[in-house]
S.K.: 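So that we are looking at the same thing, I have put the structure below in structure tokens.
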Amino acid sequence: QVQLVESGGGLVQAGGSLKLSCAASGNFFSINAMGWYRQAPGKQRELVATITSGGSTNYADSVKGRFTISRDNAKNTVYLQMNSLKPEDTAAYYCNAVLSMVPGWPTTMYWGQGTQVTVSS
């Protein structure tokens, strides 16, 4: 059983900051990439940022320079520091992890339950 538990969402004014956390727990061999996605009402889920086990990062153009993804491999945790938040950042944010359950076997993708971020103007 694998769980991804997110925390840190909430309501913030435009220009403010929030930090999301996502901790992975359960029976798995290793974590490959981790990331954050978001979904606003009536829109498709979109990539926000990803980070590999080696620390390489990738960001959506809309958040570059404002959001920073990081991870603590010892804690199996990924973070998303969000600064200069805008009303258009309002969405449910979902954590994602690509896990190796058994060495040499294909990886498996897991999702968290989501945490709401609301930015007021």
S.K.: Are Ile31 and Asn76 side-chain neighbours, meaning at least one heavy-atom pair lies under 4.5 Å?
M.R.: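 Result yes, sub-4.5 Å side-chain heavy-atom pair found.
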
S.K.: Rounded to the nearest 0.5 Å, how far does OG of Ser56 lie from CD1 of Ile51?
M.R.: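 Ile51 CD1 to Ser56 OG: 8.0 Å, rounded to 0.5 Å.
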
S.K.: With a 6.0 Å cut-off (strictly less than), is the heavy-atom count around CD of Glu88, excluding the residue itself, greater than 12?
M.R.: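 Yes, CD of Glu88 has more than 12 neighbouring heavy atoms, counting only those of other groups under 6.0 Å.
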
S.K.: Does the distance from a Lys or Arg side-chain N to an Asp or Glu carboxylate O, for Lys64 and Asp61, drop under 4.0 Å?
M.R.: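 The answer is yes: the pair qualifies as a salt bridge.
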
S.K.: Could you verify whether a donor N or O on one side chain and an acceptor N or O on the other, from Arg45 and Tyr37, lie under 3.5 Å apart?
M.R.: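 Per modelled atom types, Arg45 and Tyr37 side chains form no pair under 3.5 Å.
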
S.K.: Could you tell me whether the side chain of Leu4 reaches within less than 4.5 Å of the side chain of Cys95, counting heavy atoms only?
M.R.: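 With C-beta onward as the side chain, the pair touches.
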
S.K.: Mind checking whether Leu18 and Val117 have side chains closer than 4.5 Å, heavy atoms only?
M.R.: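 Yes - at least one pair of side-chain heavy atoms lies under 4.5 Å apart.
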
S.K.: About how many Å separate CD of Gln13 and CG of Leu11, when rounded to the nearest 0.5 Å?
M.R.: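 So the gap between those two atoms works out to 8.0 Å.
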
S.K.: Given the rule in the side-chain contact (heavy atoms from CB on, under 4.5 Å) test, do Arg38 and Ser62 qualify, once you have shown the distances and angles that lead to the verdict?
M.R.: CA-CA 12 Å; Arg38 66 186 182 187; Ser62 60; 3.4 Å; yes

S.K.: Write down the atom of Thr108, the atom of Met101, and the distance for their closest heavy-atom approach.
M.R.: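 Nearest pair, atom of Thr108 first, then Met101: OG1-CG, 3.8 Å.
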
S.K.: With hydrophobic residues grouped by side-chain heavy-atom distances under 4.5 Å, do Trp36 and Tyr59 end up in a single group?
M.R.: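 Yes, Trp36 and Tyr59 fall within the same hydrophobic cluster.
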
S.K.: For Leu80 and Val48: C-alpha separation, side-chain torsions, deciding distance, then whether side-chain contact (heavy atoms from CB on, under 4.5 Å) applies.
M.R.: CA-CA 9 Å; Leu80 186 68; Val48 176; 4.1 Å; yes

S.K.: According to a hydrophobic-cluster definition based on side-chain heavy atoms being under 4.5 Å apart (Ile, Leu, Val, Met, Phe, Trp, Tyr only), do Leu47 and Met82 belong together?
M.R.: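 No, Leu47 and Met82 fall in different hydrophobic clusters.
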
S.K.: For Gln39 and Lys43, which heavy atoms make the closest approach, and how far apart are they?
M.R.: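 Between these two residues, the closest heavy atoms are NE2-O, 3.1 Å.
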
S.K.: Enter the distance from Tyr79:OH to Ser7:OG here, rounded to the nearest 0.5 Å.
M.R.: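 It comes to 9.0 Å.
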
S.K.: What is the ring orientation for Tyr93 with Phe67, classed by angle as parallel under 30°, tilted 30 to 60°, or perpendicular over 60°?
M.R.: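 Ring orientation of Tyr93 relative to Phe67: tilted.
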
S.K.: Can you tell me if Thr118 uses its side chain to pair, donor with acceptor, with the backbone of Thr90 under 3.5 Å?
M.R.: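 Checked: no pair found.
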
S.K.: In the single-linkage hydrophobic clustering (I, L, V, M, F, W, Y; side-chain heavy atoms under 4.5 Å), do Met34 and Ile69 co-cluster?
M.R.: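 Same cluster: Met34 reaches Ile69 through Ile, Leu, Val, Met, Phe, Trp or Tyr contacts under 4.5 Å.
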
S.K.: Roughly how far, to the nearest 0.5 Å, is OG of Ser25 from CD of Gln1?
M.R.: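 It comes to 9.0 Å.
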
S.K.: If I take atom CG from residue Asn32 and atom OG1 from residue Thr107, how far apart are they, to the nearest 0.5 angstrom?
M.R.: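 The distance works out to 6.0 Å.
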
S.K.: If you group Ile, Leu, Val, Met, Phe, Trp and Tyr by side-chain heavy-atom gaps below 4.5 Å, do Leu20 and Trp111 land in one group?
M.R.: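 No, Leu20 does not connect to Trp111 through the hydrophobic network.
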
S.K.: Begin with the C-alpha distance, continue with both residues' side-chain angles, and end with the deciding distance and a verdict on side-chain contact (heavy atoms from CB on, under 4.5 Å) for Lys86 and Val119.
M.R.: CA-CA 6 Å; Lys86 304 175 181 180; Val119 184; 5.5 Å; no

S.K.: Between Arg66 and Ser84, is there a donor-acceptor pair closer than 3.5 Å when you use the side chain of the first and the backbone of the second?
M.R.: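 At least one qualifying donor-acceptor pair exists.
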
S.K.: Looking at Gln113, is its backbone amide N or carbonyl O close enough to the side chain of Glu6 to form a donor-acceptor pair, meaning the two atoms are under 3.5 Å apart?
M.R.: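 Yes, the answer is positive, given that a donor and an acceptor are paired below the 3.5 Å cut-off.
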
S.K.: Can you confirm whether Arg71 sits close enough to Thr57 that some side-chain heavy atom of one is under 4.5 Å from a side-chain heavy atom of the other?
M.R.: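 Not in contact.
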
S.K.: Tell me whether Val78 shares a hydrophobic cluster with Tyr94, the cluster being built from Ile, Leu, Val, Met, Phe, Trp, Tyr side chains joined at under 4.5 Å.
M.R.: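 In one cluster: no.
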
S.K.: Nearest heavy-atom pair of Ala40 and Ala91: which atoms, and what distance?
M.R.: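 Shortest heavy-atom separation between Ala40 and Ala91 comes out as N-CB, 3.8 Å.
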
S.K.: If we count only N and O atoms by modelled type, under 3.5 Å, do the side chains of Ser17 and Asn83 hold a donor and an acceptor together?
M.R.: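 Indeed, the side chains of Ser17 and Asn83 share at least one donor-acceptor pair under 3.5 Å.
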
